[in-house]
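Worksheet: one structure, shown below.
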Amino acid sequence: MEFKEAVKIALQSLWANKLRSILTLLGVVIAVTSVIAVVTLVNGANTYVTTKFSSYGADVFTVSKMPRIITSSEEYTRYQKRKNILFDDYLYVRQNCKRCMGMGAMQSTTGLIVRGTQSVTDTQIRGYTWQMPSLQNLNIEQGRGFTEADENHASRVCIIGTDIQDHLFPGVNPLGQELRVDGTPYTVIGISEKQGSTFGQSQDNWVGVPLTSYQRNYGTQKTLTIYVKAGSAGPALDDAADEVRVLMRSRRHDSPGAPDSFELDTNNTLVGFFSTITNSFGAVAGGLAMIALVVGGIVIMNIMLVSVTERTREIGIRKALGAKPRDILTQFLIESGTIALVGGFFGVIGGIIVAELITLVAGFPSTVALWSVLVGLVMAAGTGVFFGVYPARKAAMLDPIVALRAD
C-alpha cells in the first residue's frame, strides 16, 4: 500500500467516526497544547528578561544593599540588616575607581503626580544622577536629559514617562510645563520613549528628577543603587567589579574573610538566575504534558485495536491478494501516526492561542518558537507510531484464513 493511500484511509476513518476521533485526539491535543503554551510563555519571558537586562548594557553592573532577587523571608531579613549605601559612598567610589568608565546612582519611591485638577497615583519617582539615563540606555525622545549642573544645583526639573504625558498632558506639549511631584513643583525637560508593559504592569508610569533634588524631599539616609559602566564586557568588567568591591569593602569596613555587606550584580547573573527558574517551571509543566501525551497514546492504541478488530476481514483479503506482513504493519503505523499528527496540529494551534490569550489578559510576554512547533508535531507523530506498534503488529500477524472467516 502506498503511503498516500494509508494517510487517506486514516483521514477517512477520522472523518467517518467524528465523536470517537475527537475523544481519541483529545489527549494528544491537550498534551501538545500544554507543551506549546508553556514553551511559548517561557521563551517569551526569557527573551523579555534578557532584552530588559541587556538594555543596561553587557558592561554595566550594580552595587546595592540588597540583591534584586530574594527567594525567602529569611534572606530578606538578613539583607535588611545591612548598612544603607549612601550618596557619600557613591561619591567615594566614583572618585577612586580607576577602571570605571562611567558611574551613576539612583533611588526610587512611589508617589502622587498632579497637574492642575488631574493626577496620577502609584507613580514611580526616580532620583537620578545626571549619567543614569545613559547607563540604563534610557532614550529621551523629546527634550533633553539631566546635566551635571542640574545635579549640582538640585534643579527642580524632571523627565517623564509616556503614561504621565498621556494622562496629564493630553494634546499639550509637556516640555516646559510644570507638574507637582508629591507636592513639589518640577518643570518637564524631557520625555522618555515608550517602554510598554510587563506582566500587565506599565513601565511608563514614572518621573525622574535629579538625585540631589530627590534627596531634599525624601531624605539622604535611604539606601541607593550604584550603576557602574566598565567600558566592555569580559575581563574589563571583572576588573572593574573587583576594584569596586575592594573600594566598597574598605569604605564599609568589612573584615577580611567576611562576606560583602553589599550586593554586586551583573546582568548575566540575573539573566542566568531567571532562566534557571523559568526552565525549571518549563520542565515541570513539560513533565505533566508528557503524562497527558502518554494517556493520549494509550487511547490511540486502544482505538487502533478496535480498528484492527473491525477490519479483520479486510486484512485477510489484503493478505490473500499478496500483501506481506510488513505492508499491513506499515499501513497501521501510518494510520496511527497520522491520527496523532492531526491531534498535534490542533494542539499547536491551541497552544499558540492559549499563550496569546494569556499575553492579552495578563500582559505576560510570549514568543512563538519554530522549534517548539516542530517538536510538538514530532512528539505527537512519534507517540502515534510508538503506541500503534502493538495494534499494527497484531494486524500483521493475523492468519489470512482466520481473518477471512471473520464476520
Side-chain angles (χ1 to χ4, degrees), residues 1-36 286-353 372-407:
M1 176 179 289
E2 293 184 358
F3 177 81
K4 184 187 299 185
E5 186 179 353
V7 171
K8 184 179 179 180
I9 291 174
L11 294 177
Q12 287 175 344
S13 177
L14 282 174
W15 187 253
N17 303 279
K18 298 180 183 62
L19 180 59
R20 188 175 78 178
S21 300
I22 292 173
L23 297 176
T24 302
L25 300 179
L26 194 57
V28 176
V29 172
I30 292 174
V32 176
T33 296
S34 302
V35 170
I36 298 299
L288 296 176
M290 289 302 296
I291 294 175
L293 199 61
V294 170
V295 172
I298 293 173
V299 173
I300 289 175
M301 181 173 66
N302 289 335
I303 293 301
M304 292 304 297
L305 286 171
V306 171
S307 179
V308 170
T309 302
E310 292 176 343
R311 296 159 60 186
T312 300
R313 187 172 180 80
E314 174 193 327
I315 295 169
I317 294 173
R318 290 183 184 278
K319 285 196 168 187
L321 293 175
K324 297 179 180 179
R326 71 168 180 235
D327 296 326
I328 304 297
L329 179 71
T330 302
Q331 173 192 344
F332 278 89
L333 285 180
I334 291 174
E335 288 185 25
S336 62
T338 302
I339 291 172
L341 191 59
V342 171
F345 174 75
F346 286 107
V348 167
I349 296 176
I352 294 174
I353 291 174
S372 67
V373 174
L374 297 177
V375 167
L377 294 176
V378 170
M379 284 173 55
T383 300
V385 172
F386 178 80
F387 284 93
V389 168
Y390 176 71
R393 188 172 182 277
K394 183 176 180 181
M397 299 303 292
L398 282 174
D399 187 306
I401 298 176
V402 175
L404 286 170
R405 289 177 182 170
D407 293 332

Open item on the list: Does Thr309 form a side-chain contact (heavy atoms from CB on, under 4.5 Å) with Leu305? I'd like the steps, not just the answer.
Closed with: CA-CA 6 Å; Thr309 302; Leu305 286 171; 5.6 Å; no
Might you point out which heavy atoms bring [X] and [Y] nearest each other, and give the distance in Å?
| X | Y | result |
| --- | --- | --- |
| Lys319 | Ile328 | CE-CG1, 4.3 Å |
| Ala340 | Ala380 | CB-O, 3.0 Å |
| Val29 | Phe346 | CG2-CB, 4.2 Å |
| Gly384 | Ser336 | O-OG, 3.0 Å |
| Val348 | Leu377 | CG2-CD2, 3.9 Å |
| Gly343 | Val28 | C-CG1, 3.9 Å |

Separation between [atom1] of [X] and [atom2] of [Y], rounded to the nearest 0.5 Å:
| X | Y | atom1 | atom2 | answer |
| --- | --- | --- | --- | --- |
| Arg313 | Leu398 | CZ | CG | 13.5 Å |
| Leu26 | Thr33 | CG | OG1 | 9.5 Å |
| Ile300 | Phe386 | CD1 | CZ | 12.5 Å |
| Met301 | Tyr390 | CE | OH | 8.0 Å |

Is [Y] close to [X] at the side-chain level, that is, under 4.5 Å between some pair of heavy atoms?
| X | Y | value |
| --- | --- | --- |
| Ile298 | Asn302 | yes |
| Met379 | Val32 | no |
| Phe387 | Val294 | yes |

Open item on the list: Between Lys324 (side chain only) and Ala396 (backbone N and O only), is there a donor and an acceptor less than 3.5 Å apart?
Closed with: no
